[in-house]
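Working notes, beginning with the structure itself.
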Number of protein chains: 2
Amino acid sequence: MKKKERHQLLRELVQQEVIQKQEDFVDILKKRGIDITQATISRDIKELQLIKVPAQEGGYQYNLPPEMNYNISKKLARLMKDAFVSIDTQKEFVLIKTLPGNAFALGTLIETAKYQEVFGCISGDDTVLIICRDEDSAERFQRRIISFI
Amino acid sequence: MKKKERHQLLRELVQQEVIQKQEDFVDILKKRGIDITQATISRDIKELQLIKVPAQEGGYQYNLPPEMNYNISKKLARLMKDAFVSIDTQKEFVLIKTLPGNAFALGTLIETAKYQEVFGCISGDDTVLIICRDEDSAERFQRRIISFI
DNA sequence: TATGAATATGAATTCAAC
DNA sequence: GTTGAATTCATATTCATA
């Protein structure tokens with residue numbers, strides 16, 4: 001496997017999995033039959049400019065570079081402006097209604113953006129249900145989303 | 001000095017100075033008569049969610065959390081849309097013309113955003129001169145800026 | 001709760017090999 | 001130019017103390 005391919009894989013992994021430390025990368029790659037050491041991962045991270053973000057719930061998480069997250073936020077903002085219908089919260093849940101056919105894309109973006117308030121999210125055709133970490137998170141997340149409109 | 005004050009100070013420092021490691025914080029605070037250890041800085045960084053961004057020119061730099069940088073980019077995008085007149089590059093220099101009175105604000109935002117392409121920048125009333133790290137950086141930076149319009 | 005000292009853990013670099 | 005092993009260096013945590 002070439003370095004470029006590995007870099008691409010790391011970019012995907014960091015969006016899909018919760019990577020807390022460089023050894024996590026090593027372990028995941030090992031499971032896929034790619035043997036690589038922490039030293040190489042360290043260099044990869046530097047080249048890809050991945051960042052280690054402190055999570056307030058304890059722990060850390062590697063993430064995409066700010067620049068790329070900015071692009072994700074931009075997409076999110078655009079989609080919200082285009083397809084947003086309504087938003088409501090109840091306890092730790094946030095429910096967003098969109099124009100038909102847009103919820104899945106919205107859900108994917110919300111997940112990719114990895115907002116700390118968000119525990120998980122499920123999307124239908126015109127509805128995204130976001131499960132936040134707690135009631136406060138839900139409120140914060142709602143404000144965040146509304147600011148995009 | 002209270003923890004809250006120190007946190008505020010760290011937020012300012014991270015925008016003004018190039019902080020490569022936690023000991024840099026310790027040293028800077030010491031010069032200001034604030035005695036604090038690396039352990040405390042580590043906790044502060046976690047609470048403030050500061051991130052360590054790899055710079056492609058070697059080295060690392062602590063920075064504000066992605067969320068806050070997103071806001072800076074949003075301001076930059078808005079100002080560009082409002083006040084942009086023209087842009088041109090020559091070697092490693094980028095020259096941006098703005099409506100009168102807007103260049104200084106633009107320059108400040110560009111500096112705060114800490115784009116890696118940028119070495120430094122000088123602002124007048126309707127002109128910002130950005131010195132990039134090299135010719136390639138200047139081109140990349142120009143594209144970046146244009147994407148805001 | 002906030003902190004420092006000591007320590008453990010994680011991450012970056014050096015050096016040699018390829 | 002890329003990598004792993006060993007090492008150095010940086011950072012997070014533990015444990016004690018205020």
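Residues satisfying the side-chain contact (heavy atoms from CB on, under 4.5 Å) test with F119(A), not counting sequence neighbours, are I131(A), R133(A). R144(A) is linked by a salt bridge (charged side-chain N to carboxylate O under 4.0 Å, His left out) to E117(A), E67(B), counting only residues two or more places apart in sequence or in another chain. The side-chain hydrogen bond (donor to acceptor under 3.5 Å, both in side chains) search around K52(A) returns none, not counting sequence neighbours. Residues satisfying the side-chain contact (heavy atoms from CB on, under 4.5 Å) test with E139(B), not counting sequence neighbours, are R143(B). Take K3(A) and apply the salt bridge (charged side-chain N to carboxylate O under 4.0 Å, His left out) test, not counting sequence neighbours, and it matches E47(A). Residues that satisfy the side-chain contact (heavy atoms from CB on, under 4.5 Å) test with S147(B), not counting sequence neighbours, are K74(A). Residues passing the side-chain hydrogen bond (donor to acceptor under 3.5 Å, both in side chains) test with D136(B): none are found, sequence neighbours excluded.
One can place CD1 of I36(A) at 10 Å from P of dA5(D), the figure rounded to the nearest angstrom. Look at CD on E23(B): it is 8 Å from P on dT11(D), rounded to the nearest Å. Atom-to-atom, CG of D44(B) to P of dT1(C) comes out at 16 Å; the value is rounded to the nearest Å. For K30(B) and dT3(C), the NZ to P distance is 15 Å, given to the nearest whole Å. Per the geometry, CD1 belonging to I19(A) stands 14 Å off P belonging to dG10(C), to the nearest Å. Between M1(B) atom CE and dT3(C) atom P the separation is 11 Å, expressed in whole Å. The NZ atom of K2(A) sits 16 Å away from the P atom of dG1(D) (whole-angstrom rounding). With rounding to whole Å, K21(A) atom NZ is found 12 Å from dA11(C) atom C1'.
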Run the side-chain donor-acceptor check on residues 17-26 of chain B: report pairs under 3.5 Å with partners two or more places apart or on a different chain.
residue : atom : partner : partner atom : Å
Q22(B)  : OE1  : Q38(B)  : NE2          : 2.9
Q22(B)  : NE2  : Y62(B)  : OH           : 3.3
D24(B)  : OD2  : Q20(B)  : N            : 2.8
D24(B)  : OD2  : K21(B)  : N            : 3.1

Would you give me the side-chain donor-acceptor pairs under 3.5 Å for residues 92-100 of chain B, sequence neighbours excluded?
residue : atom : partner : partner atom : Å
K97(B)  : NZ   : T127(B) : OG1          : 3.2
T98(B)  : OG1  : A103(B) : N            : 3.3

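Annotation: the terminal axes of the helix from dT1(C)-dA18(D) to dC18(C)-dG1(D) meet at 30°, where each axis is the rotation carrying the C1' atoms of four end pairs onto the next four (5 pairs per end, rounded to 10°).
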Letter by letter from the 5' end, nucleotides 12-18 of chain C scores (B base, S sugar-phosphate only, - none; protein heavy atoms under 4.0 Å) BBB----
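Within residues 3-12 of chain A, no residue places a heavy atom under 4.0 Å from DNA chain C.
Side-chain atoms of K91(A) never come within 3.5 Å of backbone atoms of E135(A) as a donor-acceptor pair (strictly under, hydrogens ignored).
D35(A) comes within contact range of the sugar-phosphate backbone alone, with a heavy-atom separation under 4.0 Å but no base atom that close.
You'll find the side chain of R6(B) reaches within 4.5 Å of the side chain of T40(B), heavy atoms only.
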